[in-house]
Q: 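My questions all concern the structure below.
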Amino acid sequence: MPLRIDVITIFPDYFAPLQLSLMGKAQQSGLVTIAIHDLREFTSDRHRSVDDTPYGGGAGMVMTPEPWGQAIDAVVTDQSTLIVPTPAGKLFSQPVAAELAHSTHLIFACGRYEGIDQRVVEYYRPRIDVRELSIGDYVLAGGDVATLAMIEASVRLVPGVLGNPESLVEESHQLPGVEYPSYTKPPTWRGLDVPEVLLSGHHDQIARWRAEQSTIRTTHNRPDLLPGS
Ligand SMILES: COC(=O)COc1cccc(COC(=O)c2cn[nH]c2)c1
């Protein structure tokens, strides 16, 4: 059963990159189908408007609920998961990507302006799985880039998409923390040598060195990922 993804956005062109490279191949292989929908196709006024001023005052504009209701109704099934990228969401992570990779149908609602009228989330929550997800503690101009990131992270985990599942096995067995540094030819580059141990062929010493390097990097860059933190 291929994974189906529907993206609803006012900037469909943002998703042209999904036709390239791994994502493009995944679609050609039939493992995943991705459709992009222009929210403005679901408006009914002459100006195809999608936003209005916020109740309660405040700066900026809020996306009106009706075009979203029309657009989501056009693609939703009882198997759908509605994903709304938002700084206010739960943190997207590799485990979440793995969950999404094993879903049947994902609908991404790309908000712009100050966001989407909350009643859209409230309306679908009793009907389907609705997930407000953040890709990090910063504010983007809209959910489109966050959606691209979540699609790429999830689709690469769909069985059969990655040519070499070996890299996923390594990834999943990775120690808590960040990856060790990688090197390739030439053995010396601008006076810098590849760490000797990697050329030694001693696989247990290489494994130990890589584990040490992972711990050093994690301690320096991401102490929050250290075990027991
Ligand atoms: C109900 O949800 C909404 O209305 C969505 O609202 C917004 C408001 C502002 C920006 C965005 C786009 O997402 C991010 O900026 C984001 C996601 N992850 N990290 C940053 C979405």
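Excluded from the calculations below are hydrogen atoms, water molecules and symmetry mates; all remaining heavy atoms, backbone and side chain alike, are included. When a ligand or atom number is given, it counts from 1 through the structure's own listing order. Quick caveat, the model's predicted, so the values are computed rather than measured.
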Q: How close do Pro12 and Asp38 get, heavy atom to heavy atom, and via which atoms?
A: CG-CB, 3.8 Å
Q: What's the shortest distance from atom 18 (N) of ligand 1 to any protein heavy atom, and which residue and atom give it?
A: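 Nearest neighbour among protein heavy atoms for atom 18 (N) of ligand 1, to 0.1 Å: Ile135 N, 2.9 Å.
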Q: Yes or no on side chain to side chain contact (heavy atoms under 4.5 Å, CB included) for Arg131 and Val84, after CA distance, side-chain angles and deciding distance?
A: CA-CA 6 Å; Arg131 307 181 78 165; Val84 185; over 6 Å; no
Q: Within the distance-only criterion (no hydrogens, no angle test), does the side chain of Thr86 pair as donor or acceptor with the backbone N or O of Ala88 below 3.5 angstrom?
A: yes
Q: Which part of Met63 is near ligand 1, with near meaning a heavy atom under 4.0 Å away: side chain, backbone, both or neither?
A: neither
Q: In terms of atom number and element, which parts of ligand 1 are under 4.0 angstrom from non-hydrogen atoms of Val84?
A: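 In order of number, 1 (C), 2 (O), 3 (C).
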Q: By number and element, which atoms of ligand 1 are closer than 4.0 Å to a non-hydrogen atom of Ser134?
A: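 Those of ligand 1 that fall under 4.0 Å from Ser134 are 18 (N), 19 (N).
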Q: What residue and heavy atom of the protein are closest to atom 19 (N) of ligand 1, and at what distance?
A: Gly136 O, 3.1 Å
Q: Which atoms from ligand 1 have a heavy atom of Glu132 less than 4.0 Å away?
A: 1 (C)
Q: Could you see if Val62 belongs to whatever hydrophobic cluster contains Ile8? Use Ile, Leu, Val, Met, Phe, Trp, Tyr and a side-chain cutoff under 4.5 Å.
A: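 No; tracing contacts between hydrophobic side chains, which count when under 4.5 Å, never links both residues.
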Q: Do me a favour and list the nearest non-hydrogen protein atom to atom 7 (C) of ligand 1 with residue, atom name and distance?
A: Gly115 CA, 3.9 Å
Q: Cation over ring, Arg127 on Tyr123, under 6.0 Å and within 45°?
A: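 Satisfied, under 6.0 Å and within 45°.
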Q: Just by distance, do the side chain of Ser103 and the backbone of His105 share a donor-acceptor pair under 3.5 Å?
A: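 Not confirmed, Ser103 side chain does not pair with His105 backbone.
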Q: Which of the numbered atoms in ligand 1 are under 4.0 angstrom from any heavy atom belonging to Gln118?
A: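 In order of numbering, the contacting atoms are 1 (C).
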Q: Would Ala141 count as being in polar contact with ligand 1, using the rule that some N or O on each side must be under 3.5 angstrom apart?
A: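 In fact, backbone or side chain, Ala141 has no N or O that close.
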Q: Determine whether Ile72 and Leu82 make a side-chain contact, defined as any pair of heavy atoms from C-beta on separated by less than 4.5 Å.
A: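 SC-SC contact between Ile72 and Leu82 confirmed.
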Q: Counting both backbone and side chain atoms, is some N or O of Val121 under 3.5 Å from an N or O of ligand 1?
A: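 Val121 vs ligand 1: no N/O contact under 3.5 Å.
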Q: Can you check which of Trp68, Tyr138, Phe92, Tyr113 brings a heavy atom nearest to atom 20 (C) of ligand 1?
A: Tyr138
Q: Considering heavy atoms of the protein only, find what lies nearest to atom 15 (O) of ligand 1 and give residue, atom and distance to 0.1 Å.
A: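 Minimum-distance protein heavy atom for atom 15 (O) of ligand 1 reads Leu140 N, 2.8 Å.
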Q: What is the nearest protein non-hydrogen atom to atom 14 (C) of ligand 1, stated with its residue, atom name and distance?
A: Pro87 CD, 3.6 Å
Q: Would a single hydrophobic cluster contain both Val155 and Leu22, if residues Ile, Leu, Val, Met, Phe, Trp and Tyr are joined by side-chain heavy-atom contacts under 4.5 Å?
A: yes
Q: Quick one: nearest non-hydrogen protein atom to atom 8 (C) of ligand 1, plus distance?
A: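 Sorting protein heavy atoms by distance from atom 8 (C) of ligand 1 puts Glu114 O, 3.7 Å first.
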Q: Does NZ or CZ of Arg208 lie under 6.0 Å from the centre of the six-membered ring of Tyr180, at an angle within 45° of the ring axis?
A: no
Q: What protein heavy atom sits nearest atom 3 (C) of ligand 1, and how far away is it?
A: Ile116 N, 3.7 Å
Q: When you check the gap from the basic side-chain N to the acidic O, do Arg119 and Glu66 get nearer than 4.0 Å?
A: no
Q: Provide the number and element of each atom of ligand 1 under 4.0 Å from a heavy atom of Val139.
A: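 Taking each heavy atom of Val139 in turn, ligand 1 has 15 (O) under 4.0 Å.
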Q: Quick test: of every protein heavy atom, which one is nearest to atom 21 (C) of ligand 1, and how far off is it to 0.1 Å?
A: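 The answer is Pro85 O, 3.4 Å.
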Q: Using a 4.0 Å cut-off to any heavy atom of Gly143, which atoms of ligand 1 qualify?
A: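 Near Gly143, the atoms of ligand 1 are 12 (C).
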Q: Kindly say whether Pro223 contributes a backbone atom to a donor-acceptor pair with the side chain of Thr218 at under 3.5 angstrom?
A: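 Checked: no pair found.
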